There are 2 protein chains.
Amino acid sequence: MQAQRQRKVEVTTAELSRRLLGASLRPSMQRLAVLGDLCHHYDHPTVDTIYSRLHPQMPTLSKTTVYNTLRILCEAGLVRSLNIEYANQRFDGHLEPHDHFICTGCGQVYDLPHNRAGRLPDFGDMGLHVEREEISYYGLCRECQEKR
Amino acid sequence: MQAQRQRKVEVTTAELSRRLLGASLRPSMQRLAVLGDLCHHYDHPTVDTIYSRLHPQMPTLSKTTVYNTLRILCEAGLVRSLNIEYANQRFDGHLEPHDHFICTGCGQVYDLPHNRAGRLPDFGDMGLHVEREEISYYGLCRECQEKR
DNA sequence: TTGCATCTTGTAATTATTACAACTTTAAAA
DNA sequence: TTTTAAAGTTGTAATAATTACAAGATGCAA
């Protein structure tokens, strides 16, 4: 959530490790690092951003590992991937239900409180089984509004 | 909308031309072809799909032109671009408000009736100016449910 | 018709992503 | 303990998506 960006919630390594084990994933250094990065930032980073942040501390880290790890974490439900316009794939380590605002000026992504009734809609009559919902708003952030 | 996929709404070249002119865009063959393709199909095609469908009839058409044209049409609001997981960028020429269901098994995109109160929410207190909303549901279509 | 702006084309460059094979680490069995 | 097998990581190479750019074509307006 927006507010948490300030709060700086620290997630301990023990907690990250517990989450990985809970998903039957071995808590390797690389996985702890990637999951930790996503839990400690609220900027919905790209693969490249994550790699660039971790690489200085872990010079042997491979970008392929970041790709692999993100795929595995997504499949395990520990991370969600975000598909937004004007950018390549991004990731979010914060799993509480929330929506996103994407600034079409600068590309920045903001978290929003989840704006929706509790349950997912039912499209069973169309043969569709809904598992997940993604709501995104597009517009201009304050800075970009002022620029125009 | 789902139902229209059967109805096969035919949009005349005159109407496509009118739309382009209305957006101050010269109604070239290429633009008419790309916009027409999007208006006559309900499959949310990729750049490559559009190019492959048009190329046999217009052998000189360049893929760069398809990219350029789609960008221009999106900027003009005549087409919307769609960002869904498990796939590269897709496009939709049907502008009536509607949502999407994306099958995580086969990647097919289905149109859904717009499931939302009339107005866009207001995030003015956060400094955000919302212009557009995108709601996507993820899950399995009938065929993919049966396969599992 | 001439000239200019717009549009289209094709190639080349860039960027994102995936494939794959070799190497390393871990955990559990012998 | 060693051994072994599975899981995980790495780097390179390949592929795919997208953008940059310069040259050529088209259409409109003077």
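Throughout, protein chains are lettered first and strands after them, A, B, ... in sequence-line order, and every chain is numbered starting at 1. Bear in mind the structure is a predicted one, so any value in this text is a computation, not a measurement.
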Taking CG from Leu54(B) and P from dT9(C), how many angstroms apart are they, rounded to a whole number? 11 Å
DNA chain C: Asn68(A) or Lys63(A), which has the more 5' nearest nucleotide? Lys63(A)
What nucleotide among dT9(C), dA27(C), dT10(D) has an atom nearest to a side-chain atom of Arg26(A)? dA27(C)
Considering every strand and a 4.0 Å limit on heavy-atom distances, what is the contact class for Thr64(A): base, sugar-phosphate, or nothing? base
Could you please spell out the steps behind the salt bridge (Lys or Arg N to Asp or Glu O under 4.0 Å) verdict for Glu15(B) and Arg19(B)? CA-CA 6 Å; Glu15(B) 166 61 17; Arg19(B) 288 190 201 171; 2.9 Å; yes
Taking only the side-chain nitrogens and oxygens of Arg31(B), find out if one of them lies under 4.0 Å from OP1 or OP2 of dC7(C). yes
Give the rounded distance in Å between these two atoms: OH of Tyr51(A) and P of dT15(C). 16 Å
Is the distance between the ring centroids of Tyr137(B) and Phe123(A) less than 6.0 Å? yes
Electrostatic pair Arg53(B):Asp43(B) at N-O distance under 4.0 angstrom: yes
Where does the angle between the aromatic ring planes of His100(A) and His44(A) fall among parallel (under 30°), tilted (30 to 60°) and perpendicular (over 60°)? perpendicular
Does one side chain, of Thr46(A) or Thr49(A), offer a donor that lies under 3.5 Å from an acceptor on the other? yes
Please confirm whether any donor atom in the side chain of Thr60(A) sits under 3.5 Å from an acceptor in the base of dT9(D), or the reverse. no
Separation of Tyr67(A) atom OH from dA14(D) atom C1', in whole Å? 14 Å
Think Ser62(A) has a side-chain N or O under 4.0 angstrom from the OP1 or OP2 of dT9(D)? no
Distance in angstrom units between Ile72(B) CD1 and dT8(C) P, rounded: 7 Å
How many whole angstroms separate atom CG of Leu61(B) from atom P of dG10(C)? 9 Å
Roughly, in whole Å, what's the span from CG in Leu25(B) to P in dG27(D)? 16 Å
Considering just the side-chain nitrogens and oxygens of Gln30(B), establish if one lies under 4.0 Å of OP1 or OP2 belonging to dT26(D). no
Nearest-Å distance, CG (Leu21(A)) to C1' (dT26(C))? 13 Å
Write down the distance between NE2 (His55(A)) and C1' (dT9(D)), rounded to a whole number of angstrom. 13 Å
Would you mind classifying the nucleic acid contact of Ser28(A) as base, sugar-phosphate or nothing, using non-hydrogen atoms under 4.0 angstrom? sugar-phosphate
